[in-house]
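All values below come from the heavy atoms of this structure, side chains included, with hydrogens, waters and symmetry mates left out.
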Amino acid sequence: GNGSVVDNYGNPWTIQNNKVYTFDTSVSSNVIAVSSLGMVDGINCDKDGHVWVLHDLNKVSKLNGRKITFFFLFLLF
């Protein structure tokens with residue numbers, strides 16, 4: 001998938017090659033926040049600054065601005 005978002009704190013998040021990258025100011029470099037064996041389908045940011053990633057067709061990850069995964073969820077269809 002393709003896409004990018006800027007969170008509420010000004011951090012850029014982008015999808016490239018089934019990985020989600022963000023900029024880590026502590027090392028002044030892009031870092032991988034989410035890596036997927038399948039497709040990363042989408043990315044968005046909610047009003048509280050959490051980044052949501054839809055990946056592998058039925059999985060959702062919620063991250064905060066420090067790339068810490070709050071939870072990982074399988075969606076059932």
Side-chain angles (χ1 to χ4, degrees):
N2 296 319
S4 63
V5 68
V6 176
D7 68 22
N8 301 11
Y9 309 103
N11 300 312
W13 300 76
T14 186
I15 300 170
Q16 294 178 347
N17 301 320
N18 297 320
K19 293 178 177 62
V20 175
Y21 292 88
T22 189
F23 188 78
D24 188 334
T25 56
S26 66
V27 293
S28 298
S29 179
N30 286 331
V31 294
I32 296 172
V34 174
S35 182
S36 175
L37 294 175
M39 184 76 126
V40 176
D41 301 298
I43 188 169
N44 212 331
C45 181
D46 66 20
K47 67 177 181 64
D48 297 316
H50 301 116
V51 175
W52 295 80
V53 181
L54 177 63
H55 54 97
D56 296 312
L57 298 176
N58 67 342
K59 297 174 186 163
V60 175
S61 294
K62 178 182 175 185
L63 303 103
N64 68 10
R66 293 183 305 265
K67 299 158 293 298
I68 296 170
T69 301
F70 279 139
F71 69 79
F72 173 79
L73 178 69
F74 284 95
L75 302 175
L76 302 176
F77 296 99

Query - Closest approach of A33 to W13 (non-hydrogen atoms, all atoms of both residues) - result: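 Scanning both residues, the minimum pair turns out to be CB-CZ3, 3.5 Å.
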Query raised in the report: Which atom pair, heavy atoms only, marks the closest approach of K19 to I32?
Result: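 What the structure gives for the nearest pair is CD-CD1, 3.5 Å.
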To the nearest 0.5 Å, what is the distance between [atom1] ([X]) and [atom2] ([Y])?
X: S61; Y: W52; atom1: OG; atom2: CH2; value: 9.5 Å
X: D7; Y: I43; atom1: CG; atom2: CD1; value: 9.5 Å
X: I15; Y: D41; atom1: CD1; atom2: CG; value: 8.0 Å
X: N30; Y: Y21; atom1: CG; atom2: OH; value: 8.5 Å

Report task. Taking the side chain as every heavy atom from C-beta outward, state whether H50 and L63 have any pair of such atoms under 4.5 Å apart. Result -> no
**Report entry** Note, N8 side chain near D48 side chain (heavy atom, < 4.5 Å)
**Finding:** no
Query - Non-neighbouring partners of S4 that pass side-chain contact (heavy atoms from CB on, under 4.5 Å), sequence neighbours left out - result: T14
Query raised in the report: Which residue, L54, D56, V53, forms the side chain to side chain contact (heavy atoms under 4.5 Å, CB included) with S36?
Result: D56
Requested in this report: Carefully, step by step, assess V51 and K62 under the rule side chain to side chain contact (heavy atoms under 4.5 Å, CB included).
Outcome: CA-CA 6 Å; V51 175; K62 178 182 175 185; over 6 Å; no
Report task. Using modelled atom types only, decide if a donor and an acceptor are shared between the side chain of D24 and the backbone of S29 within a distance under 3.5 Å. Result ->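 Flag not set: sc D24 to bb S29 has no pair under 3.5 Å.
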